[in-house]
Structures are given as C-alpha cells and as structure tokens.
Number of protein chains: 2
Amino acid sequence: MVDSMAKNAPLSRSREDYLAHIYRIQAVGHNVNTGEVAQHLGVTPASTSAMFKRLAQEGLVNYKSYSGVSLTEEGERAASHVVRRHRVIERFLTDILGIGWERVDEFANRMEHAMPDEVLEAIERLLGGPDTCPHGYPIPSEEGKLAVATGQPVEALVAGEWAVIRHVDESDTELLRHLRERGLVPGTLLQVAETNLIDGTRTLRIGDSTLVVGQRIARALFVDRVVDDA
Amino acid sequence: MVDSMAKNAPLSRSREDYLAHIYRIQAVGHNVNTGEVAQHLGVTPASTSAMFKRLAQEGLVNYKSYSGVSLTEEGERAASHVVRRHRVIERFLTDILGIGWERVDEFANRMEHAMPDEVLEAIERLLGGPDTCPHGYPIPSEEGKLAVATGQPVEALVAGEWAVIRHVDESDTELLRHLRERGLVPGTLLQVAETNLIDGTRTLRIGDSTLVVGQRIARALFVDRVVDDA
DNA sequence: TAGATGAGTTAGTCAAGTCTAACTCTGAGC
DNA sequence: GCTCAGAGTTAGACTTGACTAACTCATCTA
C-alpha cells in the first residue's frame, strides 16, 4: 500500500520471523494476536507491537491498534517464501540427512533466513518436489499463495470414526519423538475405537495394533475423516 | 585472556565474519591489516578498528593500535569452526547439489552462520569426510588448528617446471568459471612450457593440450612443484 | 452500565554494529 | 633526521530491534 518501501530490499531476519509466524496462524484460520506472536518468537508484547507498526508502514500487514494484524498480499507473498524455505529445509534434513523430525523445526528456524533461492531450488530438485514438510504441513507454492492446512484434532472424532493423519503439531520436541516411535505420522490411517470423556484418553486402532493416547496427543494430531466403505 | 567473556555465548554473525577473514589471511602467512579486512567485508576501516578492539577485549585477537591483529588461541578455535563450516558447505553445494564452484563461496558466506553443528556433521558424513573445499583449501579439523594452505602462484614457476594445482583464488567469479572450463582445478598436473616476461603470459601443458594464460590466472593458480622423474 | 482485569500500546532506554569526519601515527623518500 | 601521504584510529551520530515501566483500551462480570 504505502510505497515507502525500497523496491526489493531483502527483509530483515526479524521481519521474516514475524511474517512467517503470522502466516502460520492465518493458515490454520486463527486470528493473530500480539501476545501469541510475542510468546512464540520469545520477545515481549511491546516489541511485537512495535514490529507490527513497522510492518504495517511497509505495507506487509494490515494493522489497527488493539485489533490484531493480517497479512497484505505483499506480506503473504513474502511470508510464504519464508515458510516455503522452512518446510523444504525440514524435508531435506529428514530425508537426505536422516535427522529426526523432532529436531528439524528448530534447525530450519536458523537456516531458513540464510538460504539462497538457487540453493533451495537445487534441494527441491534433489527431493523431487515435495508437497509437505515432515510434519505434514503443505509447502507453499512459488507463487506465494496462503497454503491452508486442513484437518482437525483427533480430539474432535467420536468412537468408530476412521481418519488419516494429515499433520502434527510441531512445537513440542518430546511429543514428536513420542509420535514417531508409535507410528503416528502423516498418512497413517487410524480408527477411534473408544473415547474416554472423563480422562480425555482415546483408544486408537492402527493396522492390527491398538494404542491408548492421552489428551495432549489427541490435540496434537490433526486428521481428515475417512468414510468407512467397508 | 580477559575473562569478561560469557562462557559459551555464540559469536555474533559479524564477529564470525571478521574472525574467519583474519584466519584466512593468517593461513596464507600474511599480516592482517585493517584496510584489507574492511575492504573484504565491505565495511569502513573505522568499523573494522572498532571491531578489532571489541574482539581484543573478548580475548579473541591480539591487537595493538596501528600494528594489526592476530588470532589468540581461542580466536583461532572460533575462526576455524567458521571456516570449517564454510568449506564443508561449499563441498556440499558443488558435490551434492551440483552448483558451480564459482558461486558457492558467496552462498556459503550466507549459510555458514546459520548451520547447526549437528547438520554440519550429517553433511560431512554424507560427503565422506572431505579434506578440502572445491577450490582446494584445506578444511580445518574439529580441533580448530590453523590449516595452512601450501602452494605458490604459477607466476613463480620458470619454464620447464612441473607442478600440481593445489588451490585457486576464489574471490573472482568470472575467473573461476574460466578456470573450470579450462580444467584448471585442484589436482591437475601441468608443466610450464614457456614464460613470456614481457606480457606476463604463461604457456601451460596439461596432458596433451597446451594453454596460454594471462597474468591474472598465473597469480590465481596456486601450485606445488613436482620433481620431473622422467 | 460501571468497574476491574488483562491484553495491547506507548515512551524512553539500551546494545550492537555501522557510518562520516576529523584526528594521529608510521614509515618511505629525501 | 624531517616531512608528508596514506593507513589507521577516535569521536559522535544513526539504525534496528530489543527491553521495562507506565499507560490505555476492550470486554466480562456484577
């Protein structure tokens, strides 16, 4: 909007971090509020407010005091490039280097700002054009449209329903290790055998085996329902 | 020396850049002067002076006004880690991703600060423990000793002498492309057939072919003499 | 509908790293 | 040995992005 922006000056590391996080929140359909962004980025709400103002001035977000932000078209393009880099790097780390999926988010956070486009493209070719990150989130296209993640938490299913894991919450390292060890990864088909509404646990059937998972897992696993054709 | 340093706080990107460049200059046996560092890093001599003072205070370099700097043991360790990262990344970019050696220095400059140790180790395993960067410079060991680059410019050879290319100056993209296209890469055996002291050109024999190179190349190719046993 | 409460914002400060402009040192040449 | 050009340094200002402390707004409850 405001044309005070230098043509294509690269965004600062900090701006990239803010934009990418805003993007991720918008991609799951939530409102973006200051405190949440501040907490995720490990800064104070005051710093976040200040950055929102700067980003708004540069035409990257729409911002009105006390009512949150949203990405402008330009902001969405910029943010999606960062998220794209992040997710391709994660894929690279797991698929080529064999690093555990519970650690790649952190590593990608550091690497995503310093990855030249040409290098990213070469990595994508090597990977054969992956569609999702290891945790199941879609890799945004080059064009930079918001890539919306479908799926709802296992928590929302009732006993008897079938579903496929789409993506898993990647913020908790311990949990991720847990999930991997139990085969709870994107693409896995499962059935909710039983729901215990008192303690929040779910009994899941996966292939021939049965698994009882607590509420934390039931909230971290995002699935799409599958109609049972059997 | 001065223990005002926080134990193992990671170095800033800026410090890493300065230290790495000082390391490279020391590794070819030259004195480190302010202007040269400033020019290479694209900052003013004033900024460089200021940084030298900071680094000295932190025990990373020995610094006395008007007489240059040298790395302390701690500085050498820190710098060699950065250079190590840089050179392993270059190898990765050329050998795994197939990027031309004339571009990898620039890319590695950006990536070297954001590469977690675990990722670097995984890349090294994938590469099979390379000894040198694509331009022929030694990859420092984990221990962080200064890795001295041997070799002298082709310019220093006289007609008739045999030599093996050890490393090539990596600062000029155009020149690097040129060299690669002519097979003037590390490991190549050559003989100086003729030296023209008037225009500075050299005629080189490589295998069955003959190549006339100008002074710029004769200064950018670093070789070790080989005794002619024939 | 008036507080109260908590989220969000503003004001002022700080540190890192850069710059320009002015100053100082070193050493090469006479 | 002296001078002076150029390399190096100091001083002071600026930018970015963070912080704390104090303020303001929105909303939920009574």
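Every chain is numbered from 1 and lettered A, B, ... according to where its sequence line falls, protein lines coming before strand lines. These numbers come from the heavy atoms of this one structure, side chains and all, not from hydrogens, waters or symmetry mates. Computed from a predicted model, the values in this text were never measured in an experiment.
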- Note on the structure: Separation of D:dC19 atom P from A:M51 atom CE, nearest Å, is 11 Å
- Message: Measuring only between side-chain heavy atoms, which start at C-beta, is A:T201 closer than 4.5 Å to A:Q215?
- Response: no
- Note on the structure: The answer to which of A:S65 and A:S12 contacts DNA chain D further toward the 5' end, by nearest nucleotide, is A:S12
- Item | Nearest-neighbour nucleotide for the B:A50 side chain, C:dT18, D:dA21, D:dG8 considered | C:dT18
- Message: Of the listed nucleotides (C:dT20, D:dA21, D:dA18), which one gets closest to any side-chain atom of A:Y18?
- Response: D:dA18
- Message: Check the orientation of A:Y18 and A:F52. Use parallel for under 30°, tilted for 30 to 60°, and perpendicular for over 60°.
- Response: perpendicular
- Task: Whole angstrom is fine here: how far is it from CD in A:Q57 over to C1' in D:dT15?
- Result: 14 Å
- Query: Just how far, in rounded Å, is P of D:dT15 from CZ of A:R54?
  - Reply: 13 Å
- Message: Using whole Å, what does the distance between atom P of nucleotide D:dG17 and atom NE2 of A:H113 come to?
- Response: 12 Å
- Item | Nucleotide of D:dG8, D:dT20, D:dG17 approaching A:S14 most closely (side-chain heavy atoms) | D:dG17
- Query: B:V43 has a side chain; which of C:dT20, D:dG17, C:dT18 sits nearest to it?
  - Reply: C:dT18
- Message: Is there a side-chain contact between A:N33 and the phosphate of C:dG8, meaning an N or O under 4.0 Å from OP1 or OP2?
- Response: yes
- Starting at CD of A:Q39 and ending at C1' of D:dA18, how long is that distance when rounded to a whole Å? 18 Å
- Side-chain ion pair, A:R85 and A:E16, N-O less than 4.0 Å: yes
- note: B:R15, atom CZ; C:dA15, atom P; distance rounded to Å ~ 14 Å
- Between B:S47 and A:S47, which has a closest nucleotide on DNA chain D that is more 5'? B:S47
- Task: Measure the distance from CG on B:D17 to P on C:dA16 and round it to the nearest whole Å.
- Result: 17 Å
- Would you say C:dT9 has OP1 or OP2 under 4.0 Å from some side-chain N or O of A:Y63? yes
- Among C:dT10, D:dG8, C:dT9, the nucleotide that comes nearest once only the side chain of A:K53 is considered: C:dT10
- Message: Using ring centroids (six-membered ring only for Trp), state whether A:Y137 and A:Y23 fall under 6.0 Å.
- Response: no
- Query: Is it true that B:H40 and B:H21 have ring centroids separated by less than 6.0 Å?
  - Reply: yes
- Task: Measure the distance from CG on B:N31 to P on C:dT26 and round it to the nearest whole Å.
- Result: 15 Å
- Task: From the options C:dT18, D:dG8, C:dT9, select the nucleotide whose nearest atom is closest to the side chain of B:T34.
- Result: D:dG8
